[in-house]
Protein chains: 2
Amino acid sequence: MPYTKEHKDKTRKRILQSAFQLFTAKGFDGVTVNELMENCGLTRGAFYAHFSGKSALYNESLKFAASSSKLSELKPNNISDKAWLGQLLDGYLSLNHVNGIRPCPLAFLATDIVTQDQEAKETYTRVYEGMNKTIMDYTQTYSSCNENEILSVTSMIIGAVAISRTLKDQKTVSTLLVSCRLEAGRILGGV
Amino acid sequence: MPYTKEHKDKTRKRILQSAFQLFTAKGFDGVTVNELMENCGLTRGAFYAHFSGKSALYNESLKFAASSSKLSELKPNNISDKAWLGQLLDGYLSLNHVNGIRPCPLAFLATDIVTQDQEAKETYTRVYEGMNKTIMDYTQTYSSCNENEILSVTSMIIGAVAISRTLKDQKTVSTLLVSCRLEAGRILGGV
DNA sequence: TTTAATATATGACCTTTATCATATATTAAA
DNA sequence: TTTAATATATGATAAAGGTCATATATTAAA
């Protein structure tokens, strides 16, 4: 028996990780299968041993990213829910995020998903609902945010990041991110 | 001299209009030149008599849409600034808008623009700043919204529409739109 | 009714790219 | 050190699509 069981699995994860990075940066049509594979030191030939096609990879990489997202991280024990929520907002509305460090698919793939298949949309929806639930859960322990407030905050921060990516002036971007950070914190009860 | 001066101009506008509709619906790569032309009763051959290429059309259609956008419409005389702003929000956060009736490029092309050239991004930025200015102007006459509030509201409504397009459950979409309508109105001083 | 200028259509080209068939390389076990 | 199973690479194919050269159609003026 050649190769250990974990080898293919590791390669697969490498592809998924790299694919998510590329897809969020350039969109489904902006990346070639070749590019996807060379980006992790492989060639296109090996691709179909791992995935049935480009669309399948797109969907899988989305699911992969969802499960390893920062928002689904569990809160460290030594800080309060409120403080943790503040940190999540800080990270989400940061230049690092806008520049593609651990990109959130909700912001980076917002319009890209529209032209993808149903499965991609369902995954997107699941991630979106997960985000709302996460924020809702954290707020419930210290305040009493209603659904309107949660939904408007997620739209705000997703929108802010999506918009920021297209603005080239960093000053404008910073202002936008700071503004949304303040308003989102206020809506969520002084975070 | 064949053809009247206005003929080509009318055709050009027809192409621009139709192109904007298609680009917002399916993204730059999701539409072919063939499709763009057949959508207004022409064939691809005629295309290059009007535009230097697909990218050029994308940029021009974006500018065209910007100049004919609802947000740049002037307010009717018989209603207040506040009421008019309310109507703008109603329209923006409506199912019609989400379904592609007079689509706002800020929401519909948010991530699509990222892979386009500098010119497209500049146009996007201009439209974005115009939207902020418009809302700012209307609010100043009855209230005293600061920049943070304006910027967070535009992110919110743009984000809401972008997200809504990917959610298939209409109930969820309606809830989201209504929530953002309420919160945006509140932030803008009870609109 | 011609005609010249312009608009539009047709056909072809060439590049890109997803996909697949086949060949080669790799590695754990015998 | 073989060997069999699996992973990866190479080469080929075919389709799609942007672009352009050329042909045809249209129309205002002569």
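If you're wondering where the values come from, they're calculated on a predicted model, not measured in any experiment. Chain letters run A, B, ... following the sequence lines, proteins first, then strands; residues in each count from 1.
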Grab the N/O contacts between the protein and nucleotides 23-25 of chain C below 3.5 Å, and write none if there aren't any.
none

Between the side chains of A:Ser179 and B:Ser152, does any donor sit under 3.5 Å from an acceptor?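 The answer is no; no qualifying pair exists.
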Do we see a donor-acceptor contact under 3.5 Å between the side chains of A:Thr111 and B:Asp112?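 On atom types as modelled, these side chains do not qualify, holding no pair under 3.5 Å.
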Using the C1' atoms of the five pairs at each end, what is the angle between the end axes of the helix from C:dT1-D:dA30 to C:dA30-D:dT1, to 10°?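 Terminal axis comparison yields 0°.
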Is it the case that the base of D:dT10 and the side chain of A:Arg44 share a donor-acceptor contact (distance under 3.5 Å, atom types as modelled)? no
Could you tell me how far apart [X] ([atom1]) and [N] ([atom2]) are, to the nearest whole angstrom?
X: B:Lys8; N: D:dT26; atom1: NZ; atom2: P; result: 18 Å
X: B:Glu6; N: D:dT27; atom1: CD; atom2: P; result: 14 Å
X: B:Asn34; N: C:dG11; atom1: CG; atom2: P; result: 13 Å
X: B:Phe47; N: C:dT8; atom1: CZ; atom2: P; result: 13 Å
X: A:Met37; N: D:dA7; atom1: CE; atom2: P; result: 12 Å
X: A:Leu42; N: D:dA9; atom1: CG; atom2: C1'; result: 10 Å
X: B:Leu57; N: D:dG18; atom1: CG; atom2: C1'; result: 13 Å

From B:Phe64, B:Tyr58, B:Phe108, residue fulfilling ring pair (Phe, Tyr, Trp, His ring centres under 6.0 Å) relative to B:Phe23: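 Checked B:Phe64, B:Tyr58, B:Phe108 against B:Phe23; only one passes ring pair (Phe, Tyr, Trp, His ring centres under 6.0 Å): B:Tyr58.
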Of A:Tyr48 and B:Ala49, the one whose closest DNA chain C nucleotide lies more 5':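 Mapping each residue to its closest nucleotide by heavy atoms, the 5'-most match is B:Ala49.
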Electrostatic pair A:Glu183-A:Arg186, nearest N-O below 4.0 angstrom: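 Judged by the 4.0 Å cut-off on N to carboxylate O distance, A:Glu183 and A:Arg186 do form a salt bridge.
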What's the closest nucleotide to the side chain of B:Thr43 if the choices are C:dA9, C:dT19, C:dA28? C:dA9
Assess whether side-chain contact (heavy atoms from CB on, under 4.5 Å) is satisfied between A:Leu167 and B:Tyr128, documenting all intermediate values. CA-CA 9 Å; A:Leu167 307 177; B:Tyr128 170 67; 3.8 Å; yes
B:Lys10, NZ atom: more than 12 neighbouring heavy atoms under 6.0 Å: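 Not buried by this count: 12 neighbours or fewer within 6.0 Å.
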Check: protein-nucleotides 15-17 of chain C nitrogen or oxygen pairs below 3.5 Å:
none

Phosphate contact (C:dT8 OP1 or OP2) by B:Thr11 side-chain N/O below 4.0 Å: yes
Residue whose nearest DNA chain D nucleotide is more 5′ - B:His7 or B:Ser55: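 Closest to the 5' end, via its nearest nucleotide, is B:Ser55.
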